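For reference, the structure discussed in these notes is given below.
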Amino acid sequence: GSFRLTALASLLLLANGATTSAEIPSATQETVLIADNLPLELIWIPAGEFLRGQNPGEQDAYPNKETPQHRVILTQGFWMGKCEITQGQWRAVMGTEPWSGKLYATDDPDTPATCVTWEDALAFVKKLSRQSGKEFRLPTEAEWERAARGGLEGARFPWGDELMPGGQHRCNIWQGRFPSLNTRDD
């Protein structure tokens with residue numbers, strides 16, 4: 001079956017694999033309360049296969065990146081964060097603010113935590129696992145791409161091939177001259 005995500009999670013994955021139909025959860029969404037009783041929404045991504053990498057001849061694609069496109073089979077489903085880890089969630093778990101004082105960073109507990117290194121992300125999931133008693137880890141590249149594609153095969157974006165269907169932005173993209181000017185048109 002197909003599935004859709006309304007937002008992507010680049011930082012967090014709850015490592016619960018299912019190998020048989022009896023182990024597949026009946027719910028497709030779950031909420032875990034983390035530090036300070038903040039909710040962490042998770043979405044079930046079923047096992048399955050997908051085409052990984054860019055489509056041949058894809059518009060605006062980087063040359064020789066993510067090619068050749070190839071079929072990937074994930075034999076276990078997994079839980080993944082519905083949205084990026086927010087500044088509020090990060091602060092509650094880690095007690096730090098890596099984005100503080102950085103250019104273009106906002107200070108809003110509901111926006112994604114930014115300026116986080118790979119090592120920071122590993123420390124976050126390790127500490128979150130200890131605090132929650134559940135096993136969390138970062139997604140593999142294949143798991144992230146399966147979730148990011150939202151079950152839509154062969155399209156540029158999780159919603160189809162147009163960046164702005166009907167003239168509407170479906171994601172946040174830097175607008176303007178990078179890194180000095182973001183017009184924030186989206």
Side-chain angles (χ1 to χ4, degrees), residues 1-53 66 69-96 98-99 108-160 170-172:
S2 65
F3 57 94
R4 306 297 275 162
L5 292 179
T6 56
L8 306 179
S10 57
L11 179 60
L12 184 67
L13 169 74
L14 174 61
N16 273 353
T19 55
T20 68
S21 59
E23 294 173 306
I24 295 175
S26 58
T28 58
Q29 295 190 45
E30 179 180 326
T31 300
V32 174
L33 293 179
I34 64 172
D36 293 343
N37 284 322
L38 292 174
L40 174 61
E41 295 181 61
L42 303 168
I43 300 233
W44 178 252
I45 309 297
E49 58 185 84
F50 68 101
L51 285 174
R52 180 174 173 193
E66 303 294 329
Q69 192 173 55
H70 56 283
R71 186 153 299 281
V72 172
I73 300 171
L74 295 176
T75 59
Q76 294 186 330
F78 55 95
W79 289 99
M80 190 162 191
K82 182 177 179 180
C83 300
E84 294 89 353
I85 295 300
T86 66
Q87 290 181 4
Q89 291 167 327
W90 183 276
R91 192 179 296 117
V93 172
M94 299 300 288
T96 63
W99 56 87
D108 178 345
D110 295 324
T111 60
T114 58
C115 305
V116 175
T117 67
W118 175 256
E119 290 80 14
D120 293 338
L122 290 174
F124 178 88
V125 294
K126 184 176 180 180
K127 190 167 184 180
L128 180 60
S129 294
R130 276 196 323 267
Q131 289 177 355
S132 69
K134 297 182 181 290
E135 182 185 355
F136 288 87
R137 65 174 172 84
L138 297 176
T140 66
E141 187 175 352
E143 289 167 335
W144 187 92
E145 189 165 339
R146 170 131 168 93
R149 290 185 176 275
L152 191 58
E153 186 81 25
R156 290 182 68 206
F157 306 104
W159 55 84
R170 297 281 178 103
C171 62
N172 292 327

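Quantities reported herein were computed from a predicted structural model and do not represent experimental measurements. Residue indices begin at 1 and follow the sequence shown. In what follows, every heavy atom counts, from backbone to side chain, and hydrogens, waters and symmetry copies are set aside.
- Taking each heavy atom of Val116 and Ala121 in turn, the nearest pair found is CG1-N, 3.8 Å.
- With values rounded to the nearest 0.5 angstrom, Leu128 atom CG is found 7.0 Å from Ile85 atom CD1.
- Taking all atoms of both residues into account, the shortest heavy-atom contact from Trp90 to Thr96 is NE1-OG1, 2.9 Å.
- Atom CD in Gln131 sits 9.0 Å away from atom CE in Met94 (nearest 0.5 Å).
- If you take NE2 on His70 and CZ on Phe50, they are separated by 7.5 Å, rounding to the nearest 0.5 Å.
- In this structure, the side chain of Gln89 engages the main chain of Thr86 through a donor-acceptor pair within 3.5 Å.
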Using the rule given for side-chain contact (heavy atoms from CB on, under 4.5 Å), can you reason through Ile34 versus Val93, listing the C-alpha separation, both sets of side-chain angles and the distance that settles it, and then say yes or no? CA-CA 8 Å; Ile34 64 172; Val93 172; 4.1 Å; yes
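- The main-chain N or O of Leu38 is never found under 3.5 Å from a side-chain atom of Asp36 such that the two would form a donor-acceptor pair.
- The two residues Met80 and Pro139 have their closest heavy-atom pair at CE-CG, 3.7 Å.
- Between Ala142 and Val72, the shortest heavy-atom contact is CB-CG1, 4.1 Å.
- Arg146 places no side-chain N or O within 3.5 Å of a backbone atom of Glu141 that could act as its donor or acceptor partner.
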Working note: Gln29 + Trp44, criterion side chain to side chain donor-acceptor pair (under 3.5 Å); need CA distance, chi angles, decisive distance, verdict. CA-CA 6 Å; Gln29 295 190 45; Trp44 178 252; over 6 Å; no
